[in-house]
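Step one of this worksheet: look at the structure below.
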There are 2 protein chains.
Amino acid sequence: MKILVVEDDLSLSDVLAFTLRRAGFDVVTAHDGLAALKAWQTANPNLVILDLNLPKLDGMSVCRQIRSQSDTPIIILTVRSGDEDVVKGLELGADDYVVKPFSPKQLVARVRAVLRRADATPATSTVLATAHLSLDRSRNEAMRPGSPPIRLTPLEARLLETLLLNAGHVLTAEALVDAVWGAEGGDRAMLKQLVYRLRSKIEPDPSQPFYIETVPGVGYALTDPDADFPG
Amino acid sequence: MKILVVEDDLSLSDVLAFTLRRAGFDVVTAHDGLAALKAWQTANPNLVILDLNLPKLDGMSVCRQIRSQSDTPIIILTVRSGDEDVVKGLELGADDYVVKPFSPKQLVARVRAVLRRADATPATSTVLATAHLSLDRSRNEAMRPGSPPIRLTPLEARLLETLLLNAGHVLTAEALVDAVWGAEGGDRAMLKQLVYRLRSKIEPDPSQPFYIETVPGVGYALTDPDADFPG
DNA sequence: CGGGCCGGTTACAATGTGGTAACAAATCTT
DNA sequence: AAGATTTGTTACCACATTGTAACCGGCCCG
């Protein structure tokens with residue numbers, strides 16, 4: 001996975017590059033808008049992290065340019081908080097945004113969430129599975145051995161996918177909301193709702209969940225017989 | 001939990017160390033930038049509290065250095081308020097900052113908040129244990145060999161976590177209250193209550209506690225068969 | 001011997017959280 | 001355009017969690 005980081009503050013750019021590399025990504029950097037576009041064309045990254053105020057060509061324009069030619073996921077980096085800049089960035093087609101200051105962990109989490117969402121879309125023959133349960137991501141169907149496939153709605157499928165990708169681990173409500181709805185929209189109450197709907201489809205006895213475990217005050221986890229002992 | 005305090009003002013440094021130790025942390029101190037880096041490498045702390053103006057190597061550089069090699073949480077300590085220094089520190093990857101002058105309680109609260117945020121995220125081995133008892137912090141479950149897991153409430157889990165982190169050592173009531181409830185809220189009476197509730201869940205015979213020992217007039221301690229014999 | 005302090009225990013109220021349900025708005029199908 | 005599906009919204013209930021107070025018994029100390 002290759003990430004293009006566009007940030008004019010060199011020290012911050014370094015920190016970002018370091019953090020992302022340590023998280024296992026390839027990183028390319030650019031420090032102004034024009035260089036960003038050039039780098040984007042030559043490096044063809046899977047995701048762009050984009051500061052909004054840049055020399056030579058501002059972030060908005062870069063975002064618009066990239067969006068007009070592809071649907072590479074874009075995460076906007078902005079110091080201004082809580083106002084229309086953010087909204088505008090998202091309107092331009094950005095997939096998420098992070099407001100400075102932010103912690104490295106937070107950024108990596110967002111990057112992962114966006115990438116997961118992005119490559120979940122295409123109808124590749126993605127089948128995720130544990131011993132008990134599998135999900136055909138191209139058809140949005142959940143299957144249990146010996147039972148007919150169950151049709152899921154897109155949101156339900158994304159939720160189950162996220163749980164499946166972390167089978168055996170507890171995911172916080174916040175992480176799940178992020179993974180399913182992204183930065184905008186999404187809410188603990190809606191997650192509750194969605195979990196309920198998913199359970200009522202895949203749990204043989206919804207009143208006593210077998211697959212989706214609740215961890216009160218924390219979140220949910222998918223039961224995995226092959227749960228990995230720490231390593 | 002080990003904390004590295006980097007502060008050149010010796011009297012302040014002493015106060016910090018004392019405060020943090022009383023709150024149940026291990027503390028290592030350094031008084032200039034170079035010593036800080038050295039101490040960081042050898043002590044490998046879970047969190048760094050970092051003054052910005054230091055002799056020999058300034059705080060910014062120390063921060064950048066540490067950040068370039070790990071994501072140990074960093075809290076910046078600064079006397080300058082409300083200007084870009086703080087922002088810059090945060091951009092370098094610090095996780096929080098505290099402006100002097102500050103109250104010890106406030107600092108401890110920030111430290112706890114940052115630590116909680118830091119280790120709430122990953123799927124690291126969130127299992128603490130002694131020979132008799134272990135705690136899965138991600139699920140808030142206590143386990144005794146041969147018995148099914150016991151579900152704990154968030155507060156109970158935090159209490160047990162604190163005890164477990166200092167297994168074999170006596171913790172004062174005050175330290176425990178601080179650890180569980182943070183700077184605000186919390187009360188000796190509530191601790192009594194919480195200890196009772198935790199005991200009734202994990203002690204086979206609550207009337208004769210085996211795990212959680214009471215030290216009258218002082219606090220509580222968790223029994224640890226591997227308590228540190230000197231060496 | 002009696003009072004007061006301390007910790008354990010019990011009871012209860014206030015609050016929070018998750019599960020369930022019903023309904024409206026938006027979207028997709030046909 | 002009509003109907004079905006999906007999603008967002010709200011409300012409600014049951015129960016868990018937490019905070020608060022009171023009570024009891026031992027123990028120290030005068």
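No experiment lies behind these values; they were computed from the predicted model shown. All chains are named by letter (A, B, ...) in the order of the sequence lines, taking the proteins before the strands, and each is independently numbered beginning at 1.
Checked against salt bridge (Lys or Arg N to Asp or Glu O under 4.0 Å), A:Arg144 has no partners two or more places apart in sequence or in another chain. Partners of B:Asn44 according to the side-chain contact (heavy atoms from CB on, under 4.5 Å) rule, which considers only residues two or more places apart in sequence or in another chain, do not exist here. Considering only residues two or more places apart in sequence or on other chains, B:Asn166 meets the side-chain hydrogen bond (donor to acceptor under 3.5 Å, both in side chains) condition with none of them. In this structure, the side-chain contact (heavy atoms from CB on, under 4.5 Å) partners of B:Asp187, at least two apart in sequence or on a different chain, are B:Ala189, B:Met190. Residues forming a ring pair (Phe, Tyr, Trp, His ring centres under 6.0 Å) with A:Phe210 (at least two apart in sequence, or on another chain): A:His132. By the side-chain contact (heavy atoms from CB on, under 4.5 Å) test, B:Ala175 pairs with B:Thr172, sequence neighbours left out.
Residue pairs satisfying the salt bridge (Lys or Arg N to Asp or Glu O under 4.0 Å) criterion with at least one member in residues 190-215 of chain A, sequence neighbours excluded, are listed as follows: A:Glu156-A:Lys201, A:Glu213-B:Arg139, A:Glu213-B:Arg151.
Comparing the axis of the opening five pairs of the helix from C:dC1-D:dG30 to C:dT30-D:dA1 with that of the closing five pairs yields an angle of 20°, rounded to 10°.
The phosphate of C:dT17 (OP1 or OP2) has no side-chain N or O of A:Tyr220 nearer than 4.0 angstrom.
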Could you list the protein-to-nucleotides 26-30 of chain C atom pairs, N/O on both sides, closer than 3.5 Å?
none

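Between the CG atom of B:Leu191 and the C1' atom of C:dG7 there is a distance of 11 Å, given to the nearest Å. In this structure, A:Met190 atom CE and C:dT20 atom P are separated by 19 Å, rounded to whole Å.
The closest side-chain heavy-atom distance from B:Ile212 to B:Ile202 is below 4.5 Å. Taking 4.5 Å as the limit, every side-chain heavy atom of A:Tyr220 sits out of range of all side-chain heavy atoms of A:Leu159.
Of the residues in residues 192-212 of chain A, those placing a heavy atom less than 4.0 Å from an atom of DNA chain D are A:Gln193, A:Arg197, in numerical order. Less than 4.0 Å separates DNA chain D from at least one heavy atom of each of the following residues of residues 147-155 of chain A: A:Arg151, A:Thr153, A:Pro154, A:Leu155.
A 4.0 Å heavy-atom criterion places the boundary nucleotides of DNA chain D facing chain A at D:dT6 to D:dT9, written 5' to 3'.
The neighbour count for A:Glu141 CD, taken as heavy atoms of other residues, nucleotides or ligands under 6.0 Å away, is above 12.
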